[in-house]
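So that the names make sense, note that chain A is the first sequence line, chain B the second, and so on, each numbered from 1. Below, all heavy atoms of this structure are taken into account, side chains as well, without hydrogens, waters or symmetry copies.
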Amino acid sequence: MSRSNEHIEKPEIAVKQPNPRLKSWKSVFNKLKKNKSAVVGGILIILLIIIALIGPYLTPYDPLYDQDVTNKLATPSSDHWFGTDNFGRDIFSRVIQGTGLTLMIGFFSILLGATAGVFLGIIAGYYGKRIDSIIMRFMDILLAFPSILLALTIVTVLGGSMVNVVIAVAVSSVPIFARIVRGSTLSVKKLEYIDAMRALGASDSRIIFKHILPNITSPIIVQATLSIATAILSAAGLSFLGLGAQPPTPEWGAMLSDGRNYLYNAPHVALFPGLAIVVAVLAFNMLGDGLRDAFDPKTRE
Amino acid sequence: MIQFIIRRILQTIPVLIGVSILVFSMMHLVPGDPAQVIAGEGAPQEQIENIRERLGLNDPLPTQYLNYVTSAVQGDLGTSMRSGRDVSAEIGARFWVTVELAIYSTILAVFLGLIAGIISATRKYTAIDTTIMIVALFGLSMPNFWLGLMLIQWFAIGIDLPSWVPFFNNTAWFSPSGWGSFSQIVLPVITLGTGSAAIIARMTRSSMLDVIGSDYIRTARAKGVKEQIVIYRHALKNALIPIVTVVGLQFGGLLGGAVLTESVFAVNGMGKLIIDSIQARDFPVVQGTVLVASLLFILVNLIVDVAYRFLNKRIDLD
Amino acid sequence: SEPDEGGNSDSDGDGEGTSEEAAEGGELVIANQSDVVSMDPAGSNDTPSSNVQANIFETLVTLDENMELQPGLATEWEAVEDNVWEFKLRDDVTFHDGSEFNAEVVKANIERILDEDVASQRYFLYEMVEDIEVVDDYTVRFTTEYPFAPFPAHIAHNGGGMTSLEVIEADYEAMENGEEPGSYINENPIGTGFFKFDSWNSGSEVRLVKNEDYWGEPAHLDSVVFKVVSEANTRVAELETGDSHIIDPLGPSNMAQVENSEGIHVAPQESVSVSYIGFNVEKEPFDDPNVRQAINMAIDKSQIIDGIYEGVGIPAVGPLAPAVYGYDEDAPGLEYDLEEAKQLLADAGYEDGFSTTLWTNDTQERIDAATNVQAQLQELNIDVEVEVLEWGTYLERTAQGDHDMFVLGWSTVTGDADYGLYPLFHSENIGEPGNRSFLQDEELDEMLEAARREGDEETRLQLYSDIQTELTELAPMLYLHHQEFLLGVNDNVQGLTQSPTGILQLHDVSLNQ
Amino acid sequence: MNNQKVLLKVDDLKQYFPIKGGFFGRTVNHVKAVDDISFEVYEGETLSIVGESGCGKSTTGRAVLRLDEPTDGKVEFDGTNILELNKKEMNKFRKDMQIIFQDPYASINPRHTVRQILTEAMEIQNAVPKHERNDRVKELMETVGLGAHQIDRHPHEFSGGQRQRIGIARALSVDPKLIIADEAVSALDVSIQAQVINLLKKLQREFKLTYLFISHDLGVVRHISDRIIVMYLGKVVEIADKKSLFTNNMHPYTKALLSAIPSTDLEAKKERITLKGDVPSPIDPPEGCRFHTRCPFATDICRTKVPELRNTEGMKDGHRAACHHMEAIRSGEHQPTVNA
Amino acid sequence: MTGAPNPSYDNILEIKNLQTSFFTKDLEVKAVDGVSFNIPKGKVLGVVGESGSGKSITSLSVLRLIEEPGKIKGGEILFKGENLLDKSEAQMRKIRGNEISMIFQEPMTSLNPTFTVGQQISESFRIHEGLGKKEAKKKSIEMLKLVGIPSPEKRINQYPFELSGGMRQRVMIAIALACNPELLIADEPTTALDVTIQAQILDLMKELQEKLDMGILLITHDLGVVAETCDYVAVMYCGKVVEFTDKKTLFTEPKHPYTVGLMQSVPQHDQDVDGDLAVIRGSVPSPADMPQGCRFAPRCPFATDLCRNKLPDLETDEEGNQIRCWIYSDEWDGDPEVNVHEQSKSTS
Ligand SMILES: Nc1ncnc2c1ncn2[C@@H]1O[C@H](COP(=O)(O)OP(=O)(O)OP(=O)(O)O)[C@@H](O)[C@H]1O
Ligand SMILES: Nc1ncnc2c1ncn2[C@@H]1O[C@H](COP(=O)(O)OP(=O)(O)OP(=O)(O)O)[C@@H](O)[C@H]1O
Ligand SMILES: [Mg+2]
Ligand SMILES: [Mg+2]
């Protein structure tokens, strides 16, 4: 390419630049690092992961089979930091033991659901017309469909494994992401810079994934980080169908709902797993807020 | 737009057919035989057989489906296998309860959520923003049954506080169960509204943050518009698309998913009906409720789509 | 229709606020877990329905709280032949619609249950009936296929509640027009009871009012409301706030709360039910009675009763609850003995234990019981995986024998040992009808058949005693406990009793104000 | 001149936008933004479009690129009617036809840095081998007068003129044959503007680039164009080579336009033809000659009959104007009506 | 015309040593670096200069609408003698849109996409003049008519995206002029307009200016517009004012080499120029590498060591015109006979 331009002299300085893509990720990362909320959230998540990985080896009691009915529903004490449940099992140990499983269910089901939902929603919103109608009506069906029936079918067809509870929760979150993404896509696709990309001959997939998607990340991040809480709760809600964590597996959501019988005389049974969920969701939300800011070019690095 | 609405209404037909086939096949796919559930344990084989025969469960599946659809098209949703009652009547009684519950809760959620979200956005990363976030996350992570039972404990049974506490020493203000009077409505609506409010608040916050830096917000400020109006009028309207979407989703979700709240407050709504009838393998009732729920969903989403147009005239739906 | 019609507001007013002096009148509000399925005695088989129907419809014979047979609409009954039972009826009884009660009515009622087209859920009660003969206006005879000793107990079951003949005819007419059986009766439940049907708001509440023209002594109450409050904690709240007078059932974990509150109390009642863990005796290793016995001996049942039921209920030795006719308190059981259990298991060749699964449906108590048994069986190195199944699935798959072990319960609703044993253990009932352990034992089958035909009480009791011994030996199940019903009751409620089958006896109930 | 190759041929192009009204947003009317225009652009030339704001210049540009599907007409590029192409085929063509948008900020993705914006353009059309892209980006930045230090900045960190230059650099990055420049230089200060214009001309000389140049600045237009189209209310009123248009213009609107150019010459006070009368709108364009409502020469025929583009005596070949009275006006026979 | 006015309260706006910076990741971008100028009451000040030299930021600073990460670091902005930088946000709000209004440079993004143009214009009437909905609408239609938009009754119900670039710009103008401000800041108000409309708008502005004694700060690239409209002109380069003169001086004897270069780059519409346009060689320095001395030194054909090493001050001559260039100072160490015009022409 030889279109040089002698008319305008080269400027004296030319800053040498590293790989641009790396650079932009680095900038996102730098912004994240400077964002208090993101840092706190990130640390919390790392902490939770550490607990999930090594916690089970350190629990003071056997979280599964160590039943002691004589010491049931004991309130928190130095022996049992979080008290005991109706079989006298140590709630602290159970919460620790349940960390990995619970986080995995929450995280992966949303990851899966969001991925599929975002994809469908963006396609529907971008192409509009018939494709939109087909996808969105299908989403309507999914939304209106009782999740219990869906879960039941999944147990029947696929069995009740851990992976399948993730699938079940994911499937019911797909239409939610699809609708949110579609709505935002509808307005972003009308912006002039999308026209500019079309004028350049950009393929649809490039426009969709490089130009529309990054501009609708914030509702996705919000919905995803929040959905982790609902995912944990609804996964627990499915365990009675034989889907997901089976007793005595200490999954937080299940522990929380087991505690409902004792809300009056032993509220701690439900309280601690509940708090654990809040902490986890809080962590993801703080990181999400940080991400949102980091992707926003207008915030200061 | 009229064409758009008409087209959407026409689209409900294939959707309903799709839903009914899906529900029908899934109900038959999962194990569990209505006759057996109805007969209960210990019933002799003969009795189960009789019931099966009566319910037409011995017909081939396509026949069963066709029979169902034929009468459904004529507006007859059949009768409950379990109680023999008319499905339309069973749904009808509960439909409005659920719709009312959903509407009130959504109103509450939108109200709280918008305000909290806007405050959060305009005071980004201050103590108040963090507080709102944490409260919201509690609201969200708290299962409905838990919040509901807490509310019942505090505001229906009442907690005894020392008598010097003004106003709050007898907090048995509301009724723990039922649906109808104001005192019955308050607690379930709060219970249901809280989770949605949390989602709406967070969505509002982020959506507002996306908008607040725009040039046209600067223009509004340059006009000397009051900050509140800048936020509530100029920014909010632009931020509203994802918010409207979640409101629609929440509302829709309430229509089908308020089971826990319904049972905690003994509200006789559709949520419980769906679950109960799925468990009893009461095919006609499941079909009927899912069909009605789908219709509602389509309607809600249609309204949401029309709202998009109102919010942003550039969006063309046709 | 309007959602908020109905009696919620009424109950608010009357339930609490009435300050009348007399023990007469008033409206009693009962909070139940589930709604009535049907008002038709032939069209339901669940306790909430029975609980309501018991006040509207009466049976020829009744069971009192001691499970003794008492005269009802029949004054006397006897087996005129081995397989023929004759009932003499009261002649002063009229239905709520004014029509007369007589032998024709009885015949029509029972025949309706047996009608294939009706496909009644109560068919099992009278499946042995071959012929019903109207001897005269007030005498009716039932001929059974085989001698059937517990017949009066079956007649006493709520399923045998008498409906007005006119209503039955109207119902058949409706069936001709393509309506479901029971659709007319459901709307017009006309019986002879001390309460009359007033309204039913499906899913929400049923209201009954006093039958002023009752043939016996009329009820004290003016009306009763059965309302649906499915959440246990909310029922307690109902009781605490005074919105309901009785809550049925009261969860064991809520007992403390009720006991600690003023003005309300807990009313326990022994039941005729048993909760058990069944083994699939067709599958290894449960085909070996030693293994089954070992497991029976390895479980400390008091842990379950304490851990789940707050100490309420009694440990089960066999399938029959003490209140059931035919229960033998001397029948031997398998005592908790871990050493012996280990020995037995070793004998069977499983000294290192084995792995198996334990199925349960989604009832919290059953899941908890399963979890506890799982923990206890660790001692025997038996590695149990608990699997929760949804009810419909659970019923179907246990009926097919897909399971290893499963948790379930059984209620001997007729109060007679026959109903407590025959469906569960006779090989004829394998699978769907009730024998989910798939036990096939000819000797046991013979004993069960003999016992149900035996006319002589002494011999019959002896037979049941033998059967119970035999069942201990066979150990097709791990019998866990006999439940105790718990009611939460307002102190103002007087004269309330509950039968061991779970039916509330409201005839003598009055409200103190 | 006319024996040159025709690169772009626009025939009877129409672009109507529906106006929605009422509660349900029915289409109540149309904005006839471009109403039946035809012109040709020869390879290697600069054709400028000037005209009143809102007369359909941008719309023409967008329609030619199929950014909005035209309501009717034909657009031939290099002999192919591109309106018949499918999306994929069209995307191939887009390498050869680029646009510089009027509103620079709105037309660049706010989340991308300049580097990303330019690299991506090359990536899409694979215009430059991968390893050369980085250098090419820098080259382009320099070309349009942006410093290398700004390469990783986001659009909002630039001034209006700087953004405009990003847009220009993007269009240049894929080596197109035709560039539609919609007010490409109007946001630039004159010194940068001069640089960019010089550059555009140089590129044109070297690579036979063709420009469709939309501008209000008649100074710039005069400098850069070979031929000029004057549009009024969705119609072409005059089309001529540069010289003829500035010195021998025939249409009254052209005359008015040229007379309104602000001058830096403080002494030369010239007569400005002020247009009076209602400014018509493309929603209900006037019957007959669209300019008649404001034309000082309008007569009855102007109100009823649509004038055709035509060439008459005294006009150069290829110079055409659409006025019923142009001969008479030229000869001075026809004088402006006083009360127009 | 007797030179530039002396600073006094006759000035509707007086900016003293204004400094506004953006704090980006690695450095401070001094977008406005010690700008001073004033606008006498009822006069039009034209601001021209290199793109990116800080014209828009200066005007945004006046309204105190600089957003993160930008900050007004110092200086004074005296509006009618009062320093705007001391005002509370509420006081500023009263001033914005009412006493000072602004036409933004980018009409598409500066208009709210979700409101009709009518709503956006009426709003000013409603907040500052307390008009009702109907009246405000009527006045909005008048405003649109005033700025030359055809069939305003229909346009008023349209959304910004439905308008052409020039129409949007005119809507912005209508909003700004709505409340008869005392000071109008117009950031390239006519770039998207054709010359006839431009003339019309400029006439309108002038008319209002005379009628209301309004001061105007007009940022533009079009020297023709400057010639026809302005009374004074400030030339900016790299965040600084390099020359401030009355219009006549600017066009007859521009002093600063940058100004001269600028004048020579203008393409002429009344004659054909063959060949290239004259340009100023070189390009704007980066903020990371600001020249120590005169900012224009690297591109200036006359630059000496003095220029390269020492930043000249803004000197006021006897006529009140201001110039920031060593050539006109006593310290000048280059050719004393330098002719700015001749020399720079030859360099092109
Ligand atoms: N948010 C920001 N962050 C960093 N730098 C900025 C930001 N906004 C503006 N600038 C820089 O400030 C300088 C002045 O910008 P300004 O918009 O005032 O220029 P201008 O004189 O109006 O130019 P133009 O005529 O092109 O509009 C520019 O160099 C620009 O890059
Ligand atoms: N998307 C649209 N919907 C409705 N009307 C539109 C749309 N786009 C443009 N128009 C209308 O089309 C006409 C021509 O617009 P266009 O943008 O082509 O004008 P223009 O000649 O480029 O003007 P300018 O010089 O002001 O940019 C205008 O009346 C405008 O209102
Ligand atoms: Mg345009
Ligand atoms: Mg600017």
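Dense packing is recorded around CZ of C:Phe354, with more than 12 heavy atoms of other residues, nucleotides or ligands lying under 6.0 Å away. Surrounding CZ of A:Phe119 are at most 12 heavy atoms belonging to other residues, nucleotides or ligands under 6.0 Å away. Environment of CD in C:Glu351: crowded, with over 12 heavy atoms of neighbouring residues, nucleotides or ligands closer than 6.0 Å.
Only the side chain of C:Thr393 comes within less than 4.5 Å of a heavy atom of chain A; its backbone N, CA, C and O stay farther away. Heavy-atom distances place no part of A:Ile148 under 4.5 Å from chain C, backbone and side chain included. If you measure heavy-atom distances from C:Gln257 to chain A, the contacts under 4.5 Å come from both the backbone and the side chain. Residue contact with chain A, scored on non-hydrogen atoms closer than 4.5 Å, involves the backbone and the side chain of C:Glu310 alike. Using a 4.5 Å cut-off between heavy atoms, C:Gln303 contacts chain A through both its backbone and its side chain. With a threshold of 4.5 angstrom between heavy atoms, C:Asn233 approaches chain A through side-chain atoms but not through N, CA, C or O. No part of C:Asp300 comes within reach of chain A, as not one of its non-hydrogen atoms sits under 4.5 angstrom from that chain.
Atom CD in C:Glu231 sits 4.0 Å away from atom CZ in A:Arg260 (nearest 0.5 Å).
Without hydrogens or angle criteria, A:Asn86 side chain to C:Ile308 main chain gives no donor-acceptor distance under 3.5 Å. Checked by atom type and distance alone, the side chain of C:Ser253 pairs as donor or acceptor with a backbone atom of A:Asn261 at under 3.5 Å. The backbone N or O of C:Val388 sits less than 3.5 Å from a side-chain atom of A:Gln246, completing a donor-acceptor pair.
Taking C:Ile367, C:Thr360, C:Asp306, C:Val236 one by one and counting their heavy-atom pairs under 4.5 Å with chain A, the maximum is reached by C:Asp306. Put simply, of C:Glu390, C:Glu385, C:Glu387, the one with the most heavy-atom pairs under 4.5 Å next to chain A is C:Glu390. The most heavy-atom pairs under 4.5 Å with chain A, out of C:Ile304, C:Asn372, C:Asn254, come from C:Asn372.
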